[in-house]
Amino acid sequence: MAHIPERRSLRRRLRPYFTVFDLPLTLILAMLVTISMVTMMSAGADFPDRVEHQIRNFLLSFAVMWVAANIAPQTLMRLAVPVYAVGVALLVAVALFGLIKKGAQRWLHIGVIDIQPSEIMKIGLPLMLAWYFQTRAQVAGWKHYIVAAVILMIPVALIMEQPDLGTSLLVASSGLYVIFLAGLSWKAIAAVTASVVAFLPIGWSMMHDYQRQRVMTLIDPTSDPLGKGFHIIQSIIAIGSGGVTGKGYMQGTQGYLEFVPERTTDFVFSVYSEEFGLVGNLFLLLVYLLLIGRGLMIAANAPNTFGRLLAGSIAMIFFTYAFVNMGMVSGILPVVGVPLPFMSYGGTAFITLGLGAGILMSIQRHRKLVQT
């Protein structure tokens with residue numbers, strides 16, 4: 001009798017799609033999301049819909065992460081050039097006929113929604129650069145680094161014109177990490193650093209007034225305590241008043257009495273610090289270090305140049321988000337509107353970070369498949 005192949009059950013057929021999650025990375029993200037929800041219930045006490053919307057943001061981010069984790073790195077390589085090209089085209093469209101909100105031209109109205117194309121480039125740029133160096137892994141020379149720099153500068157320049165200093169810094173750093181991990185020599189890094197320092201006076205003259213004010217406020221926030229320096233002063237007070245162990249959950253006066261502005265978004269770390277103190281901050285820093293470390297471990301074990309560069313860049317993007325946000329709310333960096341990863345309220349940033357985490361899981365999963 002002819003052998004009749006046994007039909008696999010629906011459960012067995014679907015199982016591979018739900019075993020894509022990297023356990024260590026998933027546990028780290030679960031801790032961050034739990035901290036986010038707990039902090040949001042306190043910081044958003046006067047905004048009843050914030051917790052509900054944050055749950056929605058988390059679910060959307062989780063869905064994006066799951067989809068990305070199921071996409072093979074080879075497919076991501078094929079998508080690199082189209083994603084980058086579409087992202088640049090949308091940025092040009094923003095410059096030509098984008099929506100203006102709060103004095104900045106950063107959005108496009110498509111159908112019934114407004115999108116911010118610059119967010120695409122946070123993943124699109126490292127994706128493109130990782131593909132570029134993968135295709136030239138054996139012959140990469142100084143000419144290729146110059147081409148990579150041009151690939152980086154095009155979207156960054158378009159984003160800075162919107163103007164959006166915070167996003168342009170994040171996009172630029174995501175690309176620079178790829179170029180650095182691709183093997184850029186320390187001599188070249190020193191030369192670029194010297195060039196940037198020499199360009200600072202010209203860059204200062206090219207900055208918008210509000211950007212120069214942010215730098216001056218960083219130097220001396222007390223020069224305008226009720227205006228430009230108000231955010232930083234109140235944030236520093238909130239962080240310092242938390243002491244070693246904090247004032248207790250939902251007992252923070254700076255946040256509860258609304259002294260800390262944007263306390264559910266960019267300045268959520270101030271609310272967390274006031275309530276949980278130095279001990280809570282050290283724990284949060286440990287969780288972020290675990291997140292970055294896991295990403296770098298995935299990068300180190302990636303099966304090819306593309307996976308190594310992309311995973312390393314994403315891990316360092318997490319670092320940049322956390323470092324810049326904590327630095328600006330602590331008064332050691334200018335306020336540039338960078339959210340705290342997986343903590344701050346906001347759908348776009350949550351989805352972008354979820355996409356990055358999903359790509360890390362995809363690279364880790366397919367490393368195992370390649371080995372077996």
Side-chain angles (χ1 to χ4, degrees), residues 17 20-22 25-26 28-37 39-40 44 49-71 75-76 79-80 82-84 86-87 90-91 94 99 101 106-128 155 159 162 164 166-171 173-174 262 264-266 268 288 291 295 310-311 313-322 324-325 337-363:
Y17 296 100
V20 296
F21 300 108
D22 177 64
L25 186 56
T26 302
I28 294 167
L29 293 175
M31 284 191 287
L32 281 175
V33 171
T34 300
I35 296 171
S36 172
M37 293 302 176
T39 307
M40 197 59 58
D49 60 337
R50 283 296 166 97
V51 175
E52 178 183 341
H53 289 174
Q54 188 74 331
I55 294 174
R56 178 204 62 191
N57 295 335
F58 163 68
L59 293 176
L60 286 173
S61 176
F62 180 82
V64 169
M65 181 176 69
W66 176 73
V67 171
N70 277 286
I71 300 176
T75 303
L76 291 173
L79 292 173
V83 168
Y84 177 83
V86 169
L90 290 175
L91 289 175
V94 169
L99 297 177
K101 298 180 181 180
R106 304 173 184 171
W107 292 267
L108 276 179
H109 183 72
I110 298 179
V112 296
I113 62 172
D114 297 337
I115 66 169
Q116 191 172 353
S118 57
E119 290 292 329
I120 298 174
M121 301 311 297
K122 291 179 180 178
I123 298 296
L125 179 59
L127 195 66
M128 175 67 184
I159 295 170
Q162 295 179 355
D164 190 348
T167 302
S168 65
L169 289 175
L170 290 174
V171 172
S173 63
S174 70
E262 306 296 338
T264 61
T265 53
D266 294 346
V268 70
Y288 278 124
L291 173 65
L310 184 57
S313 176
I314 291 172
M316 295 309 295
I317 289 172
F318 293 156
F319 163 78
T320 304
Y321 266 92
V324 173
N325 179 274
V338 174
L340 189 60
F342 299 106
M343 282 277 291
S344 296
Y345 174 84
T348 304
F350 233 102
I351 291 173
T352 302
L353 293 165
L355 175 60
I359 292 174
L360 286 178
M361 293 180 181
S362 171
I363 294 171

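The structure places OG1 of Thr167 at 5.5 Å from CD of Gln116, a figure rounded to the nearest 0.5 Å. Here CD1 of Ile314 is found 11.0 Å from OG1 of Thr352. Values are rounded to the nearest 0.5 Å. In this structure, the separation between OG on Ser36 and CG on Leu29 is 12.0 Å, given to the nearest 0.5 Å. In this structure, the separation between OG on Ser313 and CZ on Phe319 is 13.0 Å, given to the nearest 0.5 Å. The distance from the OH atom of Tyr345 to the CE atom of Met40 is 8.5 Å, given to the nearest 0.5 Å. Between the CG atom of Leu310 and the CE atom of Met128 there is a distance of 13.5 Å, given to the nearest 0.5 Å.
Closest heavy-atom contact between Thr34 and Ala30: OG1-O, 2.7 Å. Closest non-hydrogen pair, Pro117 versus Val94, comes out as CG-CG2, 3.5 Å. Of all heavy-atom pairs between Thr320 and Ser173, the closest is CG2-OG, 3.7 Å. In terms of heavy atoms, Pro341 sits closest to Leu353 at CA-CD1, 3.6 Å. The two atoms that bring Met121 and Pro126 nearest to each other are O-CD, 3.7 Å, heavy atoms only. Shortest non-hydrogen contact noted between Asp266 and Asn325 is O-ND2, 2.9 Å.
You'll find the side chain of Ile120 stays beyond 4.5 Å of the side chain of Leu125, heavy atoms only. Using a 4.5 Å heavy-atom threshold, the side chains of Met343 and Ile35 count as touching. By the 4.5 Å heavy-atom criterion applied to side chains, Leu60 and Val64 are not counted as neighbours. At least one side-chain heavy atom of Gln54 sits under 4.5 Å from a side-chain heavy atom of Asn57. Between Tyr84 and Leu127, the closest side-chain pair of non-hydrogen atoms is not below 4.5 Å. Using a 4.5 Å cut-off on side-chain heavy atoms (C-beta onward), Leu169 and Val324 make no contact. Met361 places a side-chain heavy atom less than 4.5 Å from the side chain of Thr26. No side-chain heavy atom of Lys122 sits under 4.5 Å from any side-chain heavy atom of Ile317.
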Full working for side-chain contact (heavy atoms from CB on, under 4.5 Å) between Asp22 and Leu360: CA-CA 9 Å; Asp22 177 64; Leu360 286 178; over 6 Å; no
side-chain contact (heavy atoms from CB on, under 4.5 Å) assessment of Ile363 paired with Ile359: CA-CA 6 Å; Ile363 294 171; Ile359 292 174; 4.0 Å; yes
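Formation of a donor-acceptor pair under 3.5 Å by the Ser362 side chain with backbone atoms of Ile71 is found in this model.
For Tyr288 and Tyr321, the ring centers sit 6.0 Å or farther from each other.
In this structure, Phe342 and Phe350 have perpendicular ring planes: the angle between them is above 60°, well past the 30° mark.
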